[in-house]
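Remarks on the structure that follows.
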Amino acid sequence: MSGGRMSTTVAAIDCGTNSVRLLVVRRDDDGTTTELARVVRLAQLGQGVDATGEFHPEALERTFIVCDEFAQLIADHGVGRTRFVATSAARDAHNRQIFFDGVRERLGVEVEVISGDEEAALSTAGVLSGVGAATPALVFDIGGGSTELIVVEEGRVLSTATSLDIGAVRITERFLHSDPRTADDEAAARAHISSVLDASGVDFSRIETAIGVAGTTTSVAAHVLGLVEYAREAVHRARLQRDDIVSTTRRWLAMPVEEIAHEPFMHPLRAKVIGGGVLILDEISARVPGGSVLVSETDILDGIVLGMLAE
């Protein structure tokens, strides 16, 4: 009960290659929704998966610690239903049953490994719940292991939804071996990212609005805004100009990871892979007319919650 009214409380967990995130929302019977918790933890579950095809024991341990924390938050908020969604890393790992069993033991729910198409649809629903944009709009989600590209037409019709095997962790581990990054490393990474984007089937030239979600894009926004600590409300709906993206990409590629980690809003685990992420962001921005990117803090978590509350 809440204030004498009936209420429904749901939790969504999005477990990606780099981060594990929780959103808890209560809906009262008058339709009012209240965000009770939104938590992001960097666990880097996808550490080494691209090279070995398996979850690293340390990555599993970090992820299970986060699951324990989230289990307590879910209990504290009296959540009635939880949905745990996993994306790229869980699709790729041969030993994923250890991960599934560990999540079930801690949270009492099954891991749903969703397809790239479903990931795209959920991300789009979440993004469009929080921002408005001229169409055709490109929603892009740069994750650790994959990047989703979704083209939204008038009336919120999805004309293209594709999941690409490029992500901040995957690009960093595969190409960016030096610290700081060498010109040769950068060139090899860009060539690969470019070839994947050019083969994606997306006609970037017709895009009216590009909307970026997830940690790479929001970190660039935090830097451009000069934040001394991360502030979700400042980042949401910020607009990154092409010059901002280019200069931030150059800055972080030229800096040692240890220095990037000293950026006031930057988690050390994200600092390790941000080079791969900004290269993907830079290449997407370069293909969009005008090159600017609208930043959204609403994303797949919001899409998952919306779907649960609609059932």
Side-chain angles (χ1 to χ4, degrees), residues 10-25 35-50 54-77 79 81-93 95-114 118-119 122-123 126 141-148 167-170 172-173 213-219 230 232 265-274 276-277 297-305 308:
V10 299
I13 299 172
D14 169 42
C15 184
T17 303
N18 206 39
S19 63
V20 189
R21 305 177 308 129
L22 169 71
L23 175 61
V24 180
V25 171
E35 184 176 304
L36 303 179
R38 189 185 290 261
V39 183
V40 180
R41 294 289 181 260
L42 276 290
Q44 212 165 82
L45 177 63
Q47 173 190 344
V49 170
D50 188 52
E54 292 193 344
F55 288 129
H56 193 286
E58 292 177 1
L60 286 167
E61 181 180 0
R62 290 192 299 266
T63 303
F64 291 153
I65 289 171
V66 175
C67 288
D68 287 334
E69 177 191 359
F70 286 1
Q72 186 61 56
L73 285 168
I74 286 167
D76 290 346
H77 287 295
V79 170
R81 183 185 169 206
T82 300
R83 188 177 179 194
F84 190 112
V85 168
T87 52
S88 177
R91 288 196 290 263
D92 298 339
N95 62 341
R96 54 187 175 269
Q97 194 60 48
I98 300 172
F99 169 56
F100 296 164
D101 293 344
V103 169
R104 186 189 310 109
E105 177 184 336
R106 289 162 175 82
L107 289 161
V109 297
E110 298 296 327
V111 175
E112 297 178 55
V113 181
I114 60 173
E118 185 176 3
E119 185 175 356
L122 288 170
S123 292
D141 182 342
I142 302 171
S146 64
T147 293
E148 276 61 54
V169 175
R170 197 183 296 269
T172 298
E173 290 185 348
V213 303
T216 291
T217 305
T218 57
S219 294
Y230 194 81
R232 185 174 183 269
F265 48 81
M266 184 74 68
H267 190 287
L269 285 178
R270 190 174 303 285
K272 290 181 179 179
V273 300
I274 196 69
E297 272 281 4
T298 56
D299 55 25
I300 190 171
L301 275 178
D302 303 82
I304 295 168
V305 163
M308 295 169 76

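Keep in mind that what you see is a predicted model, and the values were worked out from it rather than measured.
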Check whether any side-chain heavy atom of [X] lies under 4.5 Å from a side-chain heavy atom of [Y], and answer yes or no.
X	Y	answer
Val24	Leu73	no
Thr216	Thr218	no
Tyr230	Met266	no
Phe100	Val113	yes
Ser219	Ile274	yes
Thr217	Ile142	yes
Cys15	Leu45	yes
Leu107	Thr82	no

[Y] backbone acceptor or donor facing [X] side chain under 3.5 Å:
X	Y	answer
Arg170	Gly167	no
Asp101	Ile98	no
Arg232	Glu297	yes
Asn95	Phe55	yes
Thr17	Gly145	yes
Thr172	Val169	no
Thr298	Gly126	yes

- [ ] Output all residues satisfying side chain to side chain contact (heavy atoms under 4.5 Å, CB included) with Ala59, sequence neighbours left out; order by chain, then residue number.
- [x]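 Ala59: side chain to side chain contact (heavy atoms under 4.5 Å, CB included) contacts with Gln47, His56, Arg62.
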Side-chain H-bond candidate by donor/acceptor type, Glu148 with Ser146, under 3.5 Å: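 On atom types as modelled, these side chains qualify, holding a pair under 3.5 Å.
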Open item on the list: Taking the six-membered ring of Phe64 as reference, does the cationic atom of Arg106 (NZ for Lys, CZ for Arg) lie under 6.0 Å from its centre and within 45° of its axis?
Closed with: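 The answer is yes, since Arg106 meets both limits relative to Phe64.
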Report task. Run the numbers on Leu23 and Val25 for side chain to side chain contact (heavy atoms under 4.5 Å, CB included), then give the verdict. Result -> CA-CA 7 Å; Leu23 175 61; Val25 171; 3.8 Å; yes
- prompt: Are Arg83 and Glu118 within salt-bridge range, i.e. N to O under 4.0 Å?
  reply: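 Yes, charged N to carboxylate O under 4.0 Å.
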Arg38 and Glu35 ion-paired at < 4.0 Å: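 The answer is yes: the pair qualifies as a salt bridge.
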Exercise. How far apart are the closest heavy atoms of Val20 and Ala43, and which atoms are they?
Worked result: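 Nearest heavy atoms, Val20 then Ala43: CG2-CB, 4.0 Å.
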Note to self: Tell me the closest heavy-atom pair linking Ala11 and Met308, and the distance in Å.
What the structure shows: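 Heavy atoms only, the tightest pair is O-CE, 3.6 Å.
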Nearest 0.5 Å, what's the [atom1]-[atom2] distance between [X] and [Y]?
X	Y	atom1	atom2	answer
Ile300	Asp14	CD1	CG	5.0 Å
Cys67	Ile74	SG	CD1	9.0 Å
Leu301	Leu22	CG	CG	7.5 Å

Residue of the set Asp299, Val66, Ile13, Val39 for which side-chain contact (heavy atoms from CB on, under 4.5 Å) holds with Arg21: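 Testing each of Asp299, Val66, Ile13, Val39 against Arg21, the sole residue satisfying side-chain contact (heavy atoms from CB on, under 4.5 Å) is Asp299.
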Might you work through the side-chain hydrogen bond (donor to acceptor under 3.5 Å, both in side chains) test for Gln72 and Asp68, ending with a clear yes or no? CA-CA 7 Å; Gln72 186 61 56; Asp68 287 334; over 6 Å; no
Legend entry - Derivation and outcome, side chain to side chain contact (heavy atoms under 4.5 Å, CB included), residues Arg104 and Val109: CA-CA 5 Å; Arg104 186 189 310 109; Val109 297; over 6 Å; no
